[in-house]
Amino acid sequence: MEKRQDIRNLAIIAHVDHGKTTLVDAMLWQSGVFRDNEQVAERVMDSLDLEREKGITIMAKNTAIVYKGVKINIVDTPGHADFGGEVERTLNMVEGVLLLVDATEGPLPQTRFVLGKALALGLPPILVINKIDRPDRRISEVLDETYDLFIDLDATEGQLNFPIIYTNAKAGVALTDPEARGRDLVPLFDTILSAIPAPSYDPEAPLQFLVTTLNHSDYVGRVAVGKIVNGTLRQGREVMLLKADGTSRKASLSAVYTYEGLNRVDRQTAEAGDIAAVAGLDDIFIGDTLGDPADPRPLPAISVEEPTISMVFSVNSSPLAGKDGRYLTSRHIKERLDKELLYNVSLRVEQAENRESYRVSARGELQLAVLVETMRREGFELSISRPRVITREIDGQLCEPMEIATIDIPESFIGIVTEMLSTRRGRMTKMVNNGFGRVRLEFEISSRGLIGFRSQFLTETRGTGVLNALLSGYQPYTGEIAGRPNGVLVSDREGRSVTFAIYHLQPRGTIFVNPGEPVYAGMIVGENSRSEDIWVNITKEKKLTNIRAAGSDEALRLIPPRQFSLEQAMEYIADDELVEVTPSSLRLRKMQNRQR
Ligand SMILES: Nc1nc2c(ncn2[C@@H]2O[C@H](COP(=O)(O)OP(=O)(O)OP(=O)(O)O)[C@@H](O)[C@H]2O)c(=O)[nH]1
Ligand SMILES: [Mg+2]
């Protein structure tokens with residue numbers, strides 16, 4: 001075996017929001033990728049619209065910088081648990097990881113998940129304690145908690161000897177001693193060169209390129225990103241495409257790229273050890289190998305965790321369908337989902353019971369919500385059902401996905417939160433008081449029990465609570481969990497909502513619509529304060545019995561309606577309800593348009 005001393009490949013992994021993308025920004029700036037006066041967006045790697053809006057990374061992305069003559073390929077990964085599949089795959093192209101941990105929050109569920117994957121692959125970590133500028137930082141405790149986590153995950157002696165770097169990613173400062181002063185990321189760059197192994201390869205072996213990510217380019221079509229394990233990629237050269245299912249065919253590479261800063265740069269050749277991308281193969285998929293036609297040697301296929309939650313996507317059948325969307329039919333929806341499957345490996349799509357519907361399975365609600373949000377921006381209309389967990393039969397027993405929920409709250413909310421979770425059949429496994437007036441609780445709870453919990457939790461803790469959850473595996477079914485405690489107010493006819501009617505319905509619960517909004521029979525216009533559903537006339541006008549009363553509607557004070565985000569709407573609805581999604585509106589509705 002030989003080593004590419006001029007290359008390092010690493011992935012940055014962490015729990016959501018611990019600062020990965022911000023650190024990549026600083027690394028890009030300090031390695032001279034941008035001109036001094038260049039206008040560059042903050043968290044430049046978060047380039048998708050939804051990533052910028054939500055402030056989170058959704059897709060893993062590649063970049064490369066040069067430091068002391070060594071090319072450092074960096075993969076920025078998402079920290080949100082729903083996109084854990086992205087992280088898992090990208091670990092197949094690197095030789096080490098930067099594990100970021102927030103200096104205040106410490107290791108959280110996703111830290112455990114991503115670190116577990118990295119250690120299992122034998123990747124050496126560099127521990128980066130980030131956000132050391134936070135006034136409430138607690139560096140030594142966080143360090144202890146991180147060591148505990150490594151031990152808990154059965155790290156080897158070698159893996160436990162990780163170097164530690166302290167950073168303020170926002171200011172672009174890295175230190176080997178948290179109390180020292182610093183100006184730049186040099187200590188981090190130097191540690192990367194010394195602690196992350198150079199990629200090794202077999203100079204005698206034929207081409208082996210493992211596909212770990214797919215991108216799309218309007219110019220060249222599908223672009224497959226991965227690591228050149230052995231051999232050389234050459235533009236125009238004939239290669240063997242070895243599919244993960246065992247079939248193979250010859251193909252020719254129309255383009256070969258490597259990374260330089262934020263760009264994918266065209267190359268004649270790319271050599272073993274580097275992270276590269278190829279174009280020209282429209283049927284290439286994640287887990288496939290490109291090999292030498294004279295000596296094809298497939299690499300082990302990549303495994304991705306199975307989906308745990310599913311939701312039915314169907315045609316928008318509401319009376320208001322087709323008003324503002326461009327893509328309405330089940331064929332449109334099917335084609336769009338098929339396209340998504342090409343890039344989104346952790347997703348599954350199957351025909352649902354109804355011919356016009358598809359069951360889409362994913363790793364979590366946010367992953368599904370992101371897909372729906374993307375589709376509506378592209379001009380789709382659809383209706384979606386309440387998310388359901390995917391159960392499995394294990395040894396003849398019905399099992400369901402379980403999660404570890406980590407909750408940070410002010411002490412005063414312990415009672416209410418514990419009660420909410422126990423009615424959802426959660427079991428408290430840990431309680432730590434950090435002494436800042438906040439406590440951290442850990443619960444073991446079914447994924448089913450967590451559906452709809454997040455919004456309730458935020459309301460009850462007045463927005464001060466932080467909830468993180470991580471799938472921990474399958475366990476026997478935990479029993480019935482009561483659904484939404486409240487019934488809904490359902491419009492019994494088509495028309496427009498009217499101030500007068502809303503005013504008189506307000507005392508019954510919480511209204512979801514503004515005056516003047518179109519409504520239809522079966523549309524949910526509010527929440528009942530009691531448990532049953534009531535069908536109401538929200539279009540009722542005041543009878544104009546005398547002149548003075550006319551127009552006095554303005555005097556009726558309305559409480560602002562409750563508005564739902566897509567995720568909140570998905571979590572809110574019951575089994576016999578749907579969310580109607582169009583490019584410009586979200587409406588909740590009953591599946592039936594008549595009271596039964
Ligand atoms: N005070 C402080 N804030 C930081 C630091 N690094 C990052 N942040 C902030 O933390 C927030 C999250 O940063 P991101 O870089 O998006 O975190 P991330 O790990 O990429 O998040 P995901 O990709 O969604 O998992 C942003 O508001 C950053 O400005 C730091 O060193 N100090
Ligand atoms: Mg990020």
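Both counts, for ligands and for their atoms, begin at 1 and track the order of listing.
- The atoms of ligand 1 that sit less than 4.0 Å from any heavy atom of T21 are 15 (O), 18 (P), 20 (O), 23 (O).
- Of all the heavy atoms in F453 and E571, the pair that sits closest is N-OE1, 4.1 Å.
- Checked for salt-bridge contact, K61 and E86 miss the test: no charged N lies under 4.0 Å from a carboxylate O.
- Counting only heavy atoms of the protein, atom 29 (O) of ligand 1 lies nearest to K170 CE, 3.6 Å.
- Close approach to G19 involves these atoms of ligand 1, each under 4.0 Å from a residue heavy atom: 7 (C), 13 (O), 14 (P), 15 (O), 17 (O), 18 (P), 19 (O).
- Checked against the 6.0 Å centroid threshold, Y147 and F162 count as a close aromatic pair.
- The residues R8 and E95 are annotated as not salt-bridged, no charged nitrogen and carboxylate oxygen being separated by less than 4.0 angstrom.
- Atoms of ligand 1 found under 4.0 Å from any heavy atom of V16 (numbered from 1 in listed order, with element): 24 (O), 25 (O).
- The protein heavy-atom contact nearest to atom 21 (O) of ligand 1 is D17 N, 3.1 Å.
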Could you go through R112 and D152, starting from their C-alpha distance and side-chain angles, then the distance that decides it, and tell me whether this counts as salt bridge (charged side-chain N to carboxylate O under 4.0 Å, His left out)?
CA-CA 9 Å; R112 170 182 265 274; D152 219 28; 2.3 Å; yes
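- Distances between N or O atoms of I56 and those of ligand 1 include no value under 3.5 Å.
- Distances below 4.0 Å separate heavy atoms of T57 from the following atoms of ligand 1: 20 (O), 22 (P), 23 (O), 24 (O).
- Take D102 and apply the side-chain contact (heavy atoms from CB on, under 4.5 Å) test, not counting sequence neighbours, and it matches H18, T104, E105, K131, R134.
- For atom 8 (N) of ligand 1, the nearest protein heavy atom (residue, atom name, distance) is K131 CE, 3.6 Å.
- Applying the ring pair (Phe, Tyr, Trp, His ring centres under 6.0 Å) definition to pairs two or more places apart or across chains, those involving residues 165-191 are Y67-F189.
- Here's the thing with K20: one of its N/O atoms is less than 3.5 angstrom from an N/O atom of ligand 1.
- Defined by atom type and a distance below 3.5 Å, a donor-acceptor pair is missing between the side-chain atoms of N92 and T212.
- Taking the charged nitrogens against the carboxylate oxygens, R137 and E179 do have a contact shorter than 4.0 Å, which makes a salt bridge.
- The protein atom (non-hydrogen) at minimum distance from atom 16 (O) of ligand 1 is R43 CD, 3.0 Å.
- In this structure, the protein non-hydrogen atom closest to atom 6 (N) of ligand 1 is N130 ND2, 3.2 Å.
- Partners of R454 under the salt bridge (charged side-chain N to carboxylate O under 4.0 Å, His left out) rule, at least two apart in sequence or in another chain, do not exist in this structure.
- Taking atom 32 (N) of ligand 1 as the reference point, the nearest protein heavy-atom neighbour is D133 OD1, 2.7 Å.
- In terms of protein heavy-atom proximity, atom 14 (P) of ligand 1 is nearest to T22 OG1, 3.5 Å.
- Crowding of E53 atom CD: a count of heavy atoms from other residues, nucleotides or ligands under 6.0 Å exceeding 12.
- E381 and T582 share no side-chain donor-acceptor pair at under 3.5 Å.
- There is no protein heavy atom closer than 4.0 angstrom to atom 27 (O) of ligand 1.
- Where the criterion is an N or O separation shorter than 3.5 Å, residue side chain and backbone included, A169 meets it with respect to ligand 1.
- Using a cut-off of 4.0 Å between Lys/Arg side-chain N and Asp/Glu carboxylate O, D408 and R440 are scored as salt-bridged.
- Listed by chain and number, the protein N, O or S atoms at a distance under 2.8 Å from the Mg ion (ligand 2) are T21 OG1, T57 OG1.
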